[in-house]
Amino acid sequence: MDPSKPGESAVQIIRELGGLKPALGALRGAGDTLALVPTMGALHDGHLALVAEAGKRAGRVAATIFVNPLQFNDAGDLARYPRQEETDLAKLEEAGCDLVWLPSPDQLYPQGFATNVSVRGVSERWEGEHRPGHFDGVATVVAKLLLAMRPDIAIFGEKDWQQLAVIRRMEADLGLGVAILGYPTVREADGLAMSSRNALLGAGERRQAAALPAAMLNAARRIGAGEPAELALRDAREALVAGGFSKVDYLALVDGGTLAPVDNASETTRMLAAASIGSVRLIDNIAVTSVQQSGG
Ligand code: PAF
């Protein structure tokens, strides 16, 4: 919302594809730049931080809420995904969003839809291995959202580090002309990365979930101090199982740009993790800096 434009206090809610173009045209009428925050709803403070950042980067802010069936490789996961549209819209309005588009699946994927955006390389390991088809679904829907809304900027949380790498690659390859920005992960007081999936954790599971960032931070410190990554990651895996995680899909040291595994910390190193507590699968990532680089 633009405080210099009195009388424009309410967020515009668009459900019909036909209404989107005129609404965006009116919104950008004065030549304002537009920043887009694509979401799947079930909004938390991490999403609202993206909206706040969008407001600093552009004259107008739009968001989308769409639980994208194409990116769920497990029908149960899609069915369980939290949905809270009314609360989400209130939060977006409060955060200063100007326009929210809530497309229906048939608007984005009309009868006979047969196009798939697939990004090779960065999408193939980690989440790509464990969730076949997931990144095709993400790249396809993000390409469609960017083409429909034509923002100047689109902002994504760094919590989904690999997703961000896939979207950057897709945008550069297709030449969509949208600046893709990452925003640092927002965390709960105990370090757990904010995620819509956290709402699916029972109270005991929620307490146990803090073992994930704790194990990752401990391993990152050890690797940064020069200990062999293999050893630190093995201990972290053991700490997760001891802390109540039922399954660790991966816990890896990678180059933050290519997502290829590395043995030592450098300026661009990230630690990536995916692990489950019961039926809830959590992902996270952090920077891993060597003591020499951080100067300490
Ligand atoms: O990160 C998400 O919420 C989704 O993957 C995205 C980028 C909105 C695409 O559906």
Side-chain angles (χ1 to χ4, degrees), residues 14 35-51 53-54 61-74 77-85 87-89 91-92 95 97 99-109 113 115-119 122-123 126-128 130-149 151 153-171 174 176 178-186 193-200 259 272 274 280-285:
I14 307 291
L36 175 65
V37 181
T39 82
M40 296 207 299
L43 303 181
H44 49 68
D45 286 354
H47 293 110
L48 302 181
L50 301 182
V51 173
E53 183 64 17
V61 178
T64 54
I65 300 178
F66 180 63
V67 182
N68 174 31
L70 280 195
Q71 70 187 77
F72 287 82
N73 55 315
D74 171 346
D77 191 24
L78 173 61
R80 266 196 313 272
Y81 201 82
R83 287 164 171 84
Q84 45 169 61
E85 191 181 296
T87 318
D88 286 345
L89 290 172
K91 286 182 180 180
L92 287 170
C97 196
L99 180 149
V100 185
W101 182 31
L102 301 106
S104 58
D106 62 314
Q107 284 168 24
L108 286 178
Y109 308 126
F113 186 80
T115 299
N116 183 47
V117 180
S118 186
V119 179
V122 286
S123 74
W126 320 121
E127 287 303 279
H130 288 272
R131 302 184 65 191
H134 168 66
F135 284 127
D136 284 13
V138 170
T140 303
V141 79
V142 173
K144 292 219 59 167
L145 295 172
L146 296 184
L147 286 167
M149 302 196 73
I153 301 169
I155 308 192
F156 301 85
E158 287 184 354
K159 189 199 141 250
D160 295 288
W161 186 267
Q162 190 175 9
Q163 166 174 284
L164 184 55
V166 169
I167 291 169
R168 284 192 204 284
R169 186 72 262 157
M170 181 272 293
E171 192 285 329
L174 299 183
L176 298 179
V178 180
I180 305 294
L181 297 187
Y183 189 81
T185 303
V186 179
M194 287 193 185
S195 163
S196 306
R197 288 174 196 277
N198 295 352
L200 302 173
L259 282 295
L272 306 184
V280 185
R281 188 170 178 276
L282 302 174
I283 62 170
D284 200 352
N285 73 88

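Order of listing sets the numbers, starting from 1, for every ligand and every atom in it. Values below: all heavy atoms of this structure, side chains included; hydrogens, waters and symmetry mates excluded.
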Residues which pass ring pair (Phe, Tyr, Trp, His ring centres under 6.0 Å) with F156, listed by chain and number, not counting sequence neighbours: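 By the ring pair (Phe, Tyr, Trp, His ring centres under 6.0 Å) rule, F156 matches no residue at all.
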Set of residues satisfying ring pair (Phe, Tyr, Trp, His ring centres under 6.0 Å) with respect to W126, sequence neighbours excluded: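 Applying ring pair (Phe, Tyr, Trp, His ring centres under 6.0 Å) to W126 gives Y250.
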Criterion side-chain contact (heavy atoms from CB on, under 4.5 Å) against Q71, the qualifying member of D136, V138, T140, V142: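 For Q71, the side-chain contact (heavy atoms from CB on, under 4.5 Å) check succeeds only for V138.
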Would you tabulate the polar-atom pairs, meaning N/O of ligand 1 against N/O of the protein, with distances under 3.5 Å, reported to 0.1 Å?
residue	atom	partner	partner atom	Å
ligand 1	1 (O)	Q163	NE2	2.8
ligand 1	5 (O)	Q71	NE2	2.9
ligand 1	5 (O)	Q163	OE1	2.7
ligand 1	10 (O)	Q71	OE1	2.6

Separation of L282 CG from N198 CG (nearest 0.5 Å): 6.0 Å
Considering all heavy atoms, the nearest L200-R80 contact: CD2-O, 3.6 Å
Set of residues satisfying salt bridge (charged side-chain N to carboxylate O under 4.0 Å, His left out) with respect to R169, sequence neighbours excluded: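 Result, salt bridge (charged side-chain N to carboxylate O under 4.0 Å, His left out) vs R169: D173.
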